[in-house]
Amino acid sequence: MQTTDFSQPIRQSAKGIIVIFAFNLLKFFKKFLVFFIAFGIQVIRKKSFGGVTPTMMYLGLIAILVLLLIIAILKYLNFKFHLSKDDFHLATGIINKDNTIIPKSKIQNVYIKQNFLQQLINVVSVKIETAGDKKSEIEISALDKPTALLLKKKLFTKATIENEQNEYIDDTEVFFKVTPKRLLLEGLSQNHFKSFLLIFTFAFGLYNEFKDFLEALELEKHIDDFVKLDEHTILNLIITNAIIVVVVILISFLFSVVKTFIINFNLEVVEHQKTIEINKGLFNKVSLSLTPSRIQNLVITTNRVKQYFNLHSLSVKQAMVNVKQQKNFKIVVLEKEQLNYLINKLLITYNSEGELGKPRPYFKRISALEMLVFGVIINSLSVFFFGIEMLWINTIFIPFAILYVYFAFKKAYYVISDEFVTIGSGVIDTTTNILEIHKIQAVKIKQTIFQNRRRIASVVISTASKSVTIPYVSKSEALAIYNFLLFKVESQDKDWM
Amino acid sequence: MNFTNLQIDIETLPKVEDLVLKPISKSYFKIIMLNKLAVYAGLIGLVFGLKYIIEKKEEVQLNLYYMLSAVVVFCIFNFIVSLLAFKKRKYAMREHDVVYAKGLIVHSITTVPISKIQHVEESRSWLARYFGLSTLKIFTAGEAGSDLSIKGLPQLEAKQIKEIISDKVNANN
């Protein structure tokens, strides 16, 4: 393996020009596509428009391409990075020169990504992220893979050079690899409500678009004839409706499965000495490392069906990672033992022992109230759109609402141990939230004016990545939790990242 | 190694409920009042404007007094709520944290440990400058929910708190 020397300023791989060019081209066309089409059609149709002939237009287009290419080359030439003892240095900019320095100790993540184009020309992009805002992200868009891996390793090794030799024999082991069968199960057992709603709105939108068209076909007339036919029609109508529902459900299943496959294709968890690496993706390959000290929350989700197939997913939340990136930190289809192993790897002393606390029964009242509001909305909407017969929807809705309240209360609990807070919640899904007490950023007690009389309050615990709530416990319990957590945070001098 | 791991007696922990919270400056209510009055004036103006425009276009008679009294009742209710809510705005500083309580309908007490504060900011609007008040903003690394913004502190006090926090934050690093 040829080693790259990172101590001198170097450029990325020359193939980077192609990546930058393609990226800029895409961005440019995204912005001006509508304009181009409108203008182009005008010119071609009328042979000339505002003194512009088709030839001139094509020349202009070529000029733009050449200009973009030149910009890409200049960007490439002016993009240099190197590593010093504890910092990463980057110089960019064609006219305005920017010099960015990131201390190694502040780097939160290093991703290695590969989109479709990069897969074709066999380069990867390296993204360096700190806990700051979006602007502090750095992306090196084309490096060959060995260099990228080496860079990543160097970024994660602390300034000491002497143990660099040891790092090479770092025992890595593929801890977990997904099988297509389990991925299929994962896709099928997902909460389909979301994709169902998405497809339903899409279909509804389409229907609205083509409404006029359908009316022009005088479909209504046909239907009217149809209705008059005989009593078979009612059966027919029911069958048609059933078919539509089944088709939509099938499509949403398919949608979930395809989505799961694309995102989690070849999911692989590699275990290093201290860190854990996740590799996955079909069109966009990503590879990212998790360092235990950077983790703020762990969220485990599963549901009834998934539990049956022993499927659990683990999301790792870090500070200030943008939403799109956040999705990548999810490991799906873990078995129970694998999940426990990973949790113990990431949070070394984790144990879920401790006194199990439940919310007050008041929780049920609030859930019931939520369902009541939801029910009123559903009822008034369906009566408004489909008439009074539509009230039969309540025969489905009321059992659903009762189950909702029952499960929401059953699944809500909290455990506060010496170093960890574990909060369970969920209705259809079962969600478990784990956070380390010393990573808490702020604690809040919340109480509405109605809860004041009942001596009930909620505790909101914020870390750098998200806030979790212990809902509706008694006031004294809430205060005890509050005081305990604050005492824990303030009495130990541990950093949050 | 100086390490102990004694059992913690929950009863002996410092209690936030025993803390005497300090109300914010009374003159901040004047600022709230001025802001509210501007909004109320706008609302009442809107009622008149609406009546004028609609009655000109269509031949509909809107009952001005019903609308006006509805708006006035809303304004009075809103005013009472904000007066009561103002009394709930309290703050305190302890050795290791800053506590801020607010809200009438949804009452909340937020505590931010000083060791988790990233930076402090003292800001003053022109109205606040006139009354000698300032707003103390405390930023943590957390989500927006965990940042504190204590409005209506006397300027001197805000400055002092800011200094104390800055010193402690810098001493930690």
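Treat the numbers as computed from the prediction; the structure is a model and nothing was measured. Heavy-atom basis, side chains included; hydrogens, waters and symmetry copies ignored. A, B, ... follow the sequence lines: proteins, then strands. Residue 1 opens every chain.
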Roughly how far, to the nearest 0.5 Å, is the [atom2] atom of [Y] from the [atom1] atom of [X]?
| X | Y | atom1 | atom2 | answer |
| --- | --- | --- | --- | --- |
| I117(B) | Q441(A) | CD1 | CD | 10.0 Å |
| L13(B) | F484(A) | CG | CZ | 7.5 Å |
| K439(A) | K116(B) | NZ | NZ | 10.0 Å |

[atom1] ([X]) with more than 12 external heavy atoms under 6.0 Å:
| X | atom1 | result |
| --- | --- | --- |
| K90(B) | NZ | no |
| R124(B) | CZ | yes |
| K317(A) | NZ | yes |
| K137(B) | NZ | no |
| K87(B) | NZ | no |
| I105(B) | CD1 | no |

- Message: Quick check: closest heavy atoms across P113(B) and A442(A), and the distance to 0.1 Å?
- Response: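 Distance-wise, the nearest heavy atoms are CD-CA, 4.4 Å.
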
- Message: Heavy-atom pairs under 4.5 Å with chain B: which of I440(A), L485(A), V460(A), N452(A) has the most?
- Response: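 Maximum pair count with chain B is reached by I440(A).
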
- Query: Who among V99(B), L104(B), D97(B) has the most heavy-atom pairs with chain A under 4.5 Å?
  - Reply: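 It is D97(B).
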
- Message: Quick check on the structure: residues of residues 15-37 of chain B within a heavy-atom distance below 4.5 Å of chain A, by number.
- Response: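 Listed by number, the contacting residues are K15(B), V16(B), E17(B).
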
- Of the backbone (N, CA, C, O) and the side chain (C-beta and beyond), which part of I445(A) lies under 4.5 Å from a heavy atom of chain B, both, or neither?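 Contact with chain B: backbone and side chain both.
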
